[in-house]
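Computed from heavy atoms alone, side chains included, the values below leave out hydrogens, waters and symmetry copies. Note that the structure is a prediction, hence the values are computed from the model and not measured.
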Amino acid sequence: MNPARRSLAGRMAELAVAFAETLDEVQRGLALWPFDDAAERQRWYYTPTDHGGLPLAAMRPRQQQLAHQLLSTGMSEAGYVTASTIIGLDNVLDRVEGYVATWGRERGRDPGLYYLRIFGDPGGDGPWGWRFGGHHVSVQHVVVDGEVVASTPCFLGADPASSPLLGPHLLRPLAGAEDLGRELVRSLDDGQLAQALLTSVAPVDLVSANRPSFGEGEGDLPLPLGDVWRGHFTGDLGARVDAIQRQAEAAAGLTAEHLERVRLTSRPKGLPASSLDVSQQEQLRALLDTYVRRIPDGLADEEAAKYAVGAELSSLYFAWAGSLEPGEGHYYRVQGPELLAEYDNTQRGANHVHTVWRNPRLDFGGDVLRRHYEQGHHGRSGHHDH
């Protein structure tokens, strides 16, 4: 039993119940969902699509505040500040695009279209969880037997990745994930780099994309852009999405051979962490902190401790694709049996970052949920009309 995980689950339950009590019948149909609808619970996005749930735009101010409270409870202070900044960037991106993007709706870039959905009954004794997501944010937690047992997938992105502020500094919400990754790859000697560098051209998105699971069988290649949305576009919008994909790949010079080299398999590719020197291993741990420390400190400390020393650090592999220079397309991942930290910055002239932290054994509750049900613990699944 982990006191931090138990205390956090209690706080999340209080907020989720308080939020649910404010909802009218229509809102309940969107916000409250049965936990045992695994297909929906494991469906997640990072595109400006319907993420499933009640959007902020359809909430009263107090409901919005409770939704943000729940989100902040599931993140560290730095994580919540980063997520809040990313949400605000939708206004900046709207300006960058000349206020013309629609994505099939009245406003294509909309900080009101971030969705909260609660799965199961947070006031009951069965497993439950929640998901908060919108463009470039996807945060989820699963609670089993009164403890937070899973906090992945956890996605944060930024477009623009770098924006001007008044004065000499830039707004770069995910600067740590970029700069620390580049520092690590630049610290490698020729032999290490030869192992770490998968290909000189980066894929135009995360290889794992938004799949419920990844790396199985023959492994995964990046998904077409249109597949990373709820439903598929048709007509002019579908053609536009396809054109965006082709243009991005053509601009990068991406070929089938490049894609094959970054194929994501259960067996990691790249440079083993055991081949890093002590200083480089410290750099790797600092890089991983930008992923695992998105969640509250008590949980993040437990995750970071796994890679402090010894075998679990040695089980990781670091792989890079693309340029080592700032402002040019690049991609990396850190992968091990219980971790995938994946990063891509290629789109919009390498000013559009995607990052995700995943655990193939624990995403969406994974192994813990399976053991829970195998032991005959069913509890109330929290069915709601929808």
Side-chain angles (χ1 to χ4, degrees), residues 45-49 86 89-90 92-104 108-109 135-136 155-164 170-175 177-179 181-182 185-186 193 196-211 219-229 232-233 235-264 269-270 319-333 342-356:
Y45 304 93
Y46 48 85
T47 47
T49 189
I86 290 165
L89 274 179
D90 255 20
V92 178
L93 181 57
D94 211 7
R95 183 180 188 272
V96 167
E97 295 178 327
Y99 301 101
V100 297
T102 63
W103 296 112
R109 307 299 185 183
H135 186 216
H136 283 159
F155 179 101
L156 295 174
D159 183 12
S162 178
S163 310
L170 295 169
L171 177 63
R172 300 177 63 215
L174 296 169
E178 176 171 347
D179 296 347
R182 185 175 290 108
V185 76
R186 284 184 162 181
L193 183 59
L197 188 63
L198 302 181
T199 175
S200 60
V201 180
V204 298
D205 198 359
L206 301 178
V207 181
S208 62
N210 67 327
R211 293 176 170 92
D220 300 314
L221 297 175
L223 289 174
L225 177 59
D227 288 356
V228 195
W229 297 69
H232 284 81
F233 296 116
D236 291 344
L237 196 49
R240 181 186 166 207
V241 171
D242 291 342
I244 290 172
Q245 176 98 27
R246 289 195 305 272
Q247 289 165 8
E249 293 180 353
L254 193 66
T255 68
E257 182 181 353
H258 297 132
L259 290 174
E260 191 58 44
R261 288 179 178 273
V262 298
R263 181 185 288 272
L264 181 59
K269 298 177 179 178
W320 186 278
S323 175
L324 275 58
E325 299 300 322
E328 299 179 3
H330 57 289
Y331 163 94
Y332 70 75
R333 65 181 179 241
E342 195 179 12
Y343 167 102
D344 187 81
N345 184 2
T346 54
Q347 300 176 36
R348 211 180 293 279
N351 193 26
H352 180 163
V353 167
H354 289 172
T355 72
V356 72

Does the side chain of [X] reach to within under 4.5 Å of the side chain of [Y], using non-hydrogen atoms?
X      : Y      : result
Arg348 : Asp159 : yes
Tyr331 : Val207 : yes
Leu223 : Asp205 : no
Asn345 : Leu174 : no
Thr346 : Pro203 : no

Can you give me the closest heavy-atom contact between [X] and [Y], atom names plus distance?
X      : Y      : answer
Arg211 : Leu221 : NH2-O, 2.7 Å
Ser208 : Val356 : OG-CG1, 4.1 Å
Glu328 : Ser323 : OE1-OG, 2.6 Å
Ala161 : Pro173 : O-CD, 3.6 Å
Ser162 : Leu170 : OG-CD1, 3.3 Å
Leu206 : Glu342 : C-OE2, 3.6 Å

How long is the span from the [atom1] atom in [X] to the [atom2] atom in [Y], to the nearest 0.5 Å?
X      : Y      : atom1 : atom2 : result
Arg182 : Tyr332 : CZ    : OH    : 10.0 Å
Leu225 : Gln245 : CG    : CD    : 5.5 Å
Leu197 : Trp320 : CG    : CH2   : 9.5 Å
Glu325 : Arg186 : CD    : CZ    : 4.5 Å
Phe233 : Asp227 : CZ    : CG    : 11.0 Å

- Is a donor on one side and an acceptor on the other found under 3.5 Å between the side chain of Thr199 and the backbone of Ala321?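 Such a contact is absent between Thr199 side chain and Ala321 backbone.
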
- Parallel, tilted or perpendicular: ring planes of His135 versus His352, cut at 30 and 60 degrees: perpendicular

- Give the ring-plane orientation class for His354 versus His136, where under 30° counts as parallel, over 60° as perpendicular and anything between as tilted.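 Perpendicular.
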
Just list the side-chain donor-acceptor pairs under 3.5 Å for residues 253-264, sequence neighbours left out, or say none.
residue, atom, partner, partner atom, Å
Thr255, OG1, Glu257, N, 3.4
Thr255, OG1, His258, N, 3.3
Thr255, OG1, His258, ND1, 3.0
Glu257, OE2, Arg261, NH2, 3.4
His258, ND1, Gly253, O, 3.4
His258, ND1, Thr255, N, 3.0
Glu260, OE1, Arg263, NH2, 3.0
Glu260, OE2, Arg263, NE, 2.7
Arg263, NH1, Glu218, O, 3.4
Arg263, NH1, Gly219, O, 3.4

- Message: Between Leu89 and Leu171, does the side-chain contact (heavy atoms from CB on, under 4.5 Å) criterion hold? Intermediate values first, please.
- Response: CA-CA 10 Å; Leu89 274 179; Leu171 177 63; 4.1 Å; yes

- Message: Walk me through whether Trp103 and Arg109 qualify under side-chain contact (heavy atoms from CB on, under 4.5 Å).
- Response: CA-CA 8 Å; Trp103 296 112; Arg109 307 299 185 183; 3.4 Å; yes

- Message: For Arg172, give me all partners under salt bridge (Lys or Arg N to Asp or Glu O under 4.0 Å), at least two apart in sequence or on another chain.
- Response: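 Per chain and number, Arg172 pairs via salt bridge (Lys or Arg N to Asp or Glu O under 4.0 Å) with Glu178, Asp179.
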
- Task: Would you sort out whether Asn210 and Trp229 count as a side-chain contact (heavy atoms from CB on, under 4.5 Å), showing the intermediate values?
- Result: CA-CA 9 Å; Asn210 67 327; Trp229 297 69; over 6 Å; no

